[in-house]
Number of protein chains: 2
Amino acid sequence: MSSAAKPSSPRASPPDPPDPPDSPNPPDPTGSKGAGRRRRLSEQERRSQIISATVATVADLGYNGASLERIAATAELSKGLLSHYFGDKETLMTQTARITLDAVRNGIAATLDLSVPVPDVIRQSIHRVAAVHTTYRAELTALDQIITHLRDADGHPILGLGDYESTYLEQEKLFRRGQQEGSLRAFDTRVMAVTYQGALDAMLGYLRQHPEIDPDTYAHVVADLIIAAVQSRPDS
Amino acid sequence: MSSAAKPSSPRASPPDPPDPPDSPNPPDPTGSKGAGRRRRLSEQERRSQIISATVATVADLGYNGASLERIAATAELSKGLLSHYFGDKETLMTQTARITLDAVRNGIAATLDLSVPVPDVIRQSIHRVAAVHTTYRAELTALDQIITHLRDADGHPILGLGDYESTYLEQEKLFRRGQQEGSLRAFDTRVMAVTYQGALDAMLGYLRQHPEIDPDTYAHVVADLIIAAVQSRPDS
DNA sequence: AATATTATTGGCCGCATGGTCAATAACACC
DNA sequence: GGTGTTATTGACCATGCGGCCAATAATATT
């Protein structure tokens, strides 16, 4: 999942002389994962393979750099198949974004223990997100690219931050619980959710740009800041 | 600034028969803003005119939608001039980003009173940034687009968040002052600067998506959150 | 094994874009 | 007013892209 596709040929095969007789890959029939010159596999597998390649390519080369041809090259299959399975590029990108977003969300939410006090849940979340930066680095980059680049015919964004909406709602629920429990002070939960999300995004961006920093250490400091902001305190 | 160029002649002269005999423009020499069919003006004016058009177009149609032709149309001049003054598109975009960034920064920093206690400076800043969302809406959108879309030949980003670096340094200075003054508690100033910046960006994004929200009101709530996070407190 | 089915390919087409250039006309100077 | 300079134009070209389709070969079916 992480590195998606093979780093085989950085340069695609030339258009005119497409290696005429011999096959570019060993004649390995259906058997193992090795690819015959042509492999037929299930729609499920193809789709996820294509999406993986899309994520990898977009993450590496940006939205504009990710032409259908390049994506096909990354996935080691022909451009035509992309059209076959996804119709047009917009659909491909939208699907990729949707599925990837779900995957990342699950990756974060999966190991979260919601039974502890809210400040601890927050701390956990922040560490999880920082970890996700390592695990899903490409996915996050690709998501960002797709969201900011994908536009309708009029040139206006399709996948707004509206997809954050459900995350906001989730966070707000958590915050309200904390306020009822008394572990969190009173504040506007919507604004806090937005700000919190912004803080996490900033963390991800900074970690991306500074690979030398230990995510967990950084996450700890961020958690201290956030918790200081929301924790209920004796005085006001 | 917002709508960039003059609405003089929406349609350029036809290619083959370029209105032969009559003088198409009133004898309006250098003086006022009225446009002849061709106007010659100083390099300064042209450059800023082009950059304005670039900002407007990118903000409206996104990076990909902002072709040289469209930008030229917005500025009401020919595509060739863009190449003439800026060479290639990459240069145009880079210049636009640099200049616009400076403009926005100045717009924020200009009216800031640094003599008050640090928490108050922070509060001021947040309100200023929220205001900037209104004043420089197009500029901010364009900046975001250019930064996230502009890539070198290898497909990797050119204008990373590295341009935040100077902002971070500035913020850190402020935070340290507050810590020395005793108005701010002890925390890692770098992490705080990054988080703070993220919170502001999130605020801008949210305001952009929700025009019905009053920026000042929103800013006030955000300021409360941030200050709660950094303010020195009796216990803890 | 022979045949039918259809996933997969590679090349093609039209279009839009970025960049270039010779022609043109607006301005400055005399 | 005449003349030179050069800012500005509009058309042109090569390129790369997205989408399409007939040919092909890998399976399934008998």
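Naming convention: chains lettered A, B, ... in sequence-line order (proteins, then strands); numbering from 1 in each chain.
- Within the structure, salt bridge (charged side-chain N to carboxylate O under 4.0 Å, His left out) contacts touching residues 190-210 of chain B (residues at least two apart or in different chains) are B:Glu165-B:Arg190, B:Glu172-B:Arg190.
- Residues meeting the side-chain contact (heavy atoms from CB on, under 4.5 Å) test with B:Leu101, sequence neighbours left out: B:Arg105, B:Leu143, B:Asp163.
- Between the P atom of D:dG16 and the CD1 atom of A:Ile71 lies a distance of 17 Å, rounded to the nearest Å.
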Donor-acceptor contacts under 3.5 Å from residues 65-73 of chain B side chains, at least two apart:
from, atom 1, to, atom 2, distance (Å)
B:Ser67, OG, B:Arg70, N, 3.2
B:Arg70, NH1, B:Gly65, O, 3.2

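- A:Arg47 places none of its side-chain heavy atoms less than 4.5 Å from the side chain of A:Ile99.
- With sequence neighbours excluded, the residues that form a ring-ring contact (aromatic ring centres under 6.0 Å, His included) with A:His210 are A:Tyr206.
- Distance CG (B:Leu82) to P (C:dT17): 13 Å, rounded to an integer number of Å.
- Put simply, NE2 on B:His149 is 16 Å from C1' on C:dT17, counting in whole angstrom units.
- One can place CG of B:Leu81 at 5 Å from P of D:dT9, the figure rounded to the nearest angstrom.
- Atom CG of B:Leu77 and atom P of C:dT24 are 21 Å apart (whole Å).
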Identify each atom pair where a protein N or O and an N or O of nucleotides 18-20 of chain D are less than 3.5 Å apart, giving names and distance.
from, atom 1, to, atom 2, distance (Å)
D:dG18, OP1, A:Lys89, NZ, 2.5
D:dG18, OP2, A:Leu68, N, 2.8
D:dG19, OP2, A:Lys89, N, 2.9
D:dG19, O6, A:Lys79, NZ, 2.3

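- The CG-P distance, from B:Leu41 to D:dT9, rounds to 10 Å in whole Å.
- Annotation: ring pair (Phe, Tyr, Trp, His ring centres under 6.0 Å) contacts involving residues 58-103 of chain B, sequence neighbours excluded, comprise B:Tyr63-B:His149.
- Rounded to whole Å, the distance from CZ on B:Arg70 to P on C:dG18 is 10 Å.
- Put simply, OH on B:Tyr85 is 12 Å from P on D:dT6, counting in whole angstrom units.
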